[in-house]
Amino acid sequence: MTGYQAKIDAFISNIDDLEKSGIYPYMATSPLQLKANEVRANRVNWQSYLQSQMISNDDFAIITKLDAVTAEQRAAQLKEKPLVCAKTFLNVMARISKDQTVQYVLTMVDDILQEDKARVEIFRDYARRNKESAWNPFLSMLNRPDGFIVNQTSRIIAKLACWSKELMEGNDLSYYLTWLRDQLKVPGNEYLQTVARCLQMMLRISEYRKAFVKVDGISSLATTLASGVSYQVQYQIIFCFWIMTFDPDLADKISRCNAIPMLCDILSEANKEKVTRIVLATFRNLLEKPTEREFVKENALAMVQCKLLKQIQLLEGKKIDDPELIDDRNFINDTLLASVQDLSSFDEYSSEIKSGRLEWSPVHKSEKFWRENVMRLNEKNFEILKILIKLLEISKDPLILSVAAHDIGEYVRHYPRGKTVVEQLGGKQHVMMLLSHDDPNVRYEALLAVQKLMVHNWEYLGKQLETPHSSGKDVAVTAKA
């Protein structure tokens, strides 16, 4: 077992313990577990289902021997007739439509699996013996309208997928992971903690991590994290990021979904040591795991740009007993200090633009910087320029809009083909829309940028625009076309 897998196993073990505690009313840890306690308390009248011929005599005999008995009695029945028990559960799920009864049966199945992980093989063996899909009976349940039913089913699917000897594959895996991804997006999802817990389990497995990325799972996690979720869900999502950063390819994708600025914000506000620990562990992986030196450099620059070094210094003044946390903190500090020594002005500029947190740092107004570096905005298929234009489209922050408009104007002024490139990328349209912005400083910078897009005689333009930058007043300029 690798060192990182041992770490993941330790975290997952804690997850399993939390799930087990949910069986007992006084230790429920999530809305789903609270509801499960209510479900267990509402016993099903199996006799009525037998009399109405909704279940067979055989299924009645088995379900009553599994329900409301001791764990030892249940274990004995499952050991004696494992495939018959699996058949009974699947029959009852298929034949009874009443939500309350389906909730009860699913909770029974979940409890049985939680008592012994090896029992997942009961359902796999039954499906294999009958040449049926082990997944269809459960995946079909995900379409039901009842929130408890679909999320309790999701827990069962995650356990079957993670604890079985055989992995979930193909369309079944894609369907389930897509369902989990979509549940992250449901507004006000009361079972979001359960969705995140299922992902914590699934993403422990490399094949599932790669499949989750294919259904655009990383961006969905980032969007959910940025939406202001609860402390517990926040921790769970960061846990998912942490697991994925052990894969170099996935670490790069995570850093490109703006995760670093979000995690820096969370770290600055973290009151719980476990949040600090998981954030720092994620940062360390982003600096240590990528095989391409360029990715490590970009991640380090993003962390420096987000003032992570200052937060690390604050942590050094706190009493911390966790040796792994201390080791991660020191590693990050040393790595970032080393990266700062090699920073060029364009490295700093590039990092700032990619972070999306623009401010009036010195490089923006430096003639020398623009003369020497304007061509670098063309690198990687105009990556930096496209980000600036995107910020004009999506940002609501007047400061960011002002700086972005200014930089696009400087690009046009210093690069002979800048006007053509910006127009082709749709930048001119977004700049012109800012001419009617509510903020006077945004209007000012947008007007300057528009003039630079239209004027050829730059020296003439410069003389016409010799007004204090901070005045924030609208400027009228007669352009030379």
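If you read the sequence from its start, that first residue is 1, and numbering goes on from there.
- A distance of 6.5 Å separates CD of E298 from OG of S350, quoted to the nearest 0.5 Å.
- Judged purely by distance below 3.5 Å, without hydrogens or angles, the side chains of D59 and Y49 never pair a donor atom with an acceptor atom.
- Of the possible donor and acceptor atoms, one in the side chain of S227 sits under 3.5 Å from a partner among the backbone N and O of T224.
- In this structure, K274 satisfies the cation-pi test against Y235, with its NZ or CZ atom closer than 6.0 Å to the six-membered ring centre and inside 45 degrees of the ring normal.
- The nearest pair of heavy atoms linking L301 to S351 is O-OG, 2.6 Å.
- Remark: the backbone N or O of L177 is not paired with any side-chain donor or acceptor of Y208 at under 3.5 angstrom.
- K131 contributes atom NZ, which lies 12.0 Å from atom CZ of R129 (distance to the nearest 0.5 angstrom).
- In the model, R124 has a side-chain atom that pairs as donor or acceptor with a side-chain atom of S164 under 3.5 Å.
- Defined by atom type and a distance below 3.5 Å, a donor-acceptor pair is present between the side-chain atoms of S154 and Y176.
- For R74 and Q77, the side-chain atoms include no donor-acceptor pair closer than 3.5 Å.
- In summary, D146 and K35 do not engage in a salt bridge, as defined by a charged side-chain N under 4.0 Å from a carboxylate O.
- The 12-atom threshold is not exceeded at CG of N271, counting heavy atoms of other residues, nucleotides or ligands nearer than 6.0 Å.
- To the nearest 0.5 angstrom, L142 atom CG is 9.0 Å from N151 atom CG.
- Side-chain contact of S402 with N441: a donor-acceptor pair under 3.5 Å is absent, judged by distance alone.
- Counted by atom type alone, Q73 and T70 present one or more donor-acceptor pairs between their side chains at under 3.5 Å.
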